[in-house]
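First the proteins, then the strands, lettered A, B, ... as listed; each starts at 1. Keep in mind the model is a prediction, meaning the values are calculated, not measured.
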Number of protein chains: 4
Amino acid sequence: MYNKVIMIGRLVADPELRTTPNGVNVASLRIAVDRPYSKGGERKSDFFNAVAWRQNAEFISRYFSKGRLIGIEGSLQTRDYTDKEGNKRTAFEIQIDRAFFTESKASAGGGMPGDSPAPVSAPAAGVSYASGSNGDFQAIDDDDDLPF
Amino acid sequence: MYNKVIMIGRLVADPELRTTPNGVNVASLRIAVDRPYSKGGERKSDFFNAVAWRQNAEFISRYFSKGRLIGIEGSLQTRDYTDKEGNKRTAFEIQIDRAFFTESKASAGGGMPGDSPAPVSAPAAGVSYASGSNGDFQAIDDDDDLPF
Amino acid sequence: MYNKVIMIGRLVADPELRTTPNGVNVASLRIAVDRPYSKGGERKSDFFNAVAWRQNAEFISRYFSKGRLIGIEGSLQTRDYTDKEGNKRTAFEIQIDRAFFTESKASAGGGMPGDSPAPVSAPAAGVSYASGSNGDFQAIDDDDDLPF
Amino acid sequence: MYNKVIMIGRLVADPELRTTPNGVNVASLRIAVDRPYSKGGERKSDFFNAVAWRQNAEFISRYFSKGRLIGIEGSLQTRDYTDKEGNKRTAFEIQIDRAFFTESKASAGGGMPGDSPAPVSAPAAGVSYASGSNGDFQAIDDDDDLPF
DNA sequence: TTTT
DNA sequence: TTTT
């Protein structure tokens, strides 16, 4: 069994960062991914919900915002719920294992790690940044052993 | 923009092969993918719908059946529709670009390409099989007719 | 059996476009991919050779140049050869099935499809561009001529 | 920057498990991956070296052996070295982030986690098994915070 | 150099 | 050997 999703898309809104009762950070994203242009067809995008946890959540909410391109890797999960009319529904969401920049520094609108002055104090422990001299970065998952 | 899904799961039912009014083959699949076992947790699987077209549809319906493991690669798409109560809904389905065997011959229950007698006349034009001596196979998109 | 490579890296040199005796276009690339920054470590990049064929070769050589970020998807292959000293060697190269932009228009330095005036006459037949309103593009393998 | 390799291949030899001077487990693998059969062509396989660390190394050396199919996910890296003739060479190897079974229990020759009696005491801490009712398993990486 |  |  294997379940892998890799996407590059655009954030439709700012990531929403919340904290669970257990004190675990969660970021909720909504991403638009343009379909490849089919001959003679019109523009079409798909919109997906995605969720990131812990260090990934912090990394994303710190460095990505509405309108930015974001790369994500994770798995596709379903979640069963009951809507307000009492009907059983299934939600699809991408569980993010890793998020990464896909643009050069110039195009990303600044605020990336490594910029000075530092955008925030120190990077959260457990997240390292693939900070090339070219301004590409990458969040490394480090969320094991957490009681989640 | 990039949209990639790679999964290995188990067919919950036989693939359904239909033909569009234009004469294009379509196969609809329902696949169960077990989640990795989380320490102390119980079994959980996610169920996904997937769609394959043309040669991929023929390949899948010929060589895969209920209960078999299947590997698929494609993209995740949404489809908007209105349910019988008149509510707007969104369906999620995987558009399959490629399907492949993930098991050795022995485990796959026979009926693979290369078996004799041939399970069906000749392989559909446009699909080639990666038929290793070990019984692994792979559907290849026949993406050009260049003599290279 | 399954063999998939997905990379985003930077072109170390302009793509080299050649034509085989059979008239098939081939593009050779060399790509630098920064490793994720490991805590306290220094910058490290890996360099890979990659090869694209036909429409993919034309697409890449038309829209990508030295210094640009490029996304590629394909498979990893080995090629045996004998070096000038007569020793047997193995070359590793990525066979590109698909190339895609990973940056917004602004950052890519212009010259993308959809720019006006058109950078070149018409897109090569068989390659379509996923030209989002945001200037993201994607080369699509034109893998069938079915009217679907 | 992004560097992802996903492969399903066959182990050409038993994994070699060693321990670094720091006490970190490393497993070295050699994997054969059949190329898709191209019309009228003959069988061709590519052979790759791969390396797994810590829990991944233990998981692989415990549950995989020569001749078995294995799924791996990781990144492609190069390593520069000088051969015995004093020539500079580059080695290519896959750094494994995750390994997984791709076959049903029946075909894998037994000895999988969940079999009774247990093949080894308890699963190594930090590795969990995706043990579906059908005997599919998956190793989950858990190797952070190690002093490597 | 694996495998059926 | 790329890039900011």
Side-chain angles (χ1 to χ4, degrees), chain A residues 101-116 129-137, chain B residues 101-116 129-138, chain C residues 1 3 7-16 28-35 43-50 64-70 78 80 88 90 102-103 107-109, chain D residues 1 3 7-16 28-35 37 43-50 64-70 78 80 88 90 102-103 107-109:
Chain A
F101 289 91
T102 70
E103 306 188 87
S104 284
K105 203 169 196 169
S107 69
M112 283 187 177
D115 280 6
S116 45
Y129 303 107
S131 152
S133 51
N134 54 12
D136 302 305
F137 304 92
Chain B
F101 289 91
T102 70
E103 306 188 87
S104 286
K105 202 170 198 170
S107 69
M112 282 186 177
D115 281 5
S116 45
Y129 304 106
S131 153
S133 50
N134 53 12
D136 302 305
F137 304 91
Q138 196 165 21
Chain C
M1 302 289 183
N3 182 335
M7 287 190 184
I8 299 174
R10 199 173 293 277
L11 284 172
V12 162
D14 283 331
E16 282 181 41
S28 297
L29 321 185
R30 190 152 177 83
I31 301 177
V33 183
D34 296 343
R35 289 200 194 156
R43 229 54 322 269
K44 174 85 176 67
S45 296
D46 294 292
F47 294 83
F48 304 108
N49 291 320
F64 293 92
S65 56
K66 179 179 175 176
R68 296 263 68 91
L69 286 180
I70 185 172
T78 57
D80 296 326
K88 296 195 155 213
T90 301
T102 71
E103 306 188 89
S107 69
Chain D
M1 301 289 183
N3 182 336
M7 287 191 185
I8 299 174
R10 198 174 292 276
L11 284 173
V12 162
D14 282 332
E16 282 182 42
S28 298
L29 321 184
R30 188 151 178 84
I31 301 176
V33 183
D34 296 343
R35 291 200 194 156
Y37 174 80
R43 241 25 352 254
K44 174 85 175 69
S45 296
D46 293 293
F47 294 83
F48 303 108
N49 293 319
F64 293 91
S65 56
K66 178 178 175 178
R68 295 266 65 95
L69 286 179
I70 186 172
T78 56
D80 295 328
K88 297 195 155 212
T90 301
T102 70
E103 306 189 88
S107 68

L69(D) CG to dT2(E) P, straight-line distance once rounded to whole Å: 14 Å
Flag side-chain contact, heavy atom, 4.5 Å: T102(B) against L69(D): no
Distance in angstrom units between R35(D) CZ and dT3(E) P, rounded: 20 Å
Whole angstrom value for the distance that separates P of dT2(E) from CD of E103(B): 23 Å
Reference residue I31(D); test side chain to side chain contact (heavy atoms under 4.5 Å, CB included); the match among V12(D), I70(D), N49(D): I70(D)
D80(C) with K88(C): basic N within carboxylate O range, under 4.0 Å: no
Nucleotide dT2(E), atom P - distance to CD1 of I31(D) in whole Å: 15 Å
Separation of atom CG in D46(D) from atom P in dT3(E), rounded to whole Å: 18 Å
Beyond-backbone contact of I8(D) with E103(D), side-chain heavy atoms, under 4.5 angstrom: no
Nearest-angstrom distance from the residue atom CG of N3(D) to C1' of dT2(F): 15 Å
Length of the line joining F101(A):CZ and dT3(F):P, which is rounded to integer Å: 21 Å
Nucleotide dT2(E), atom P - distance to CZ of R43(D) in whole Å: 15 Å
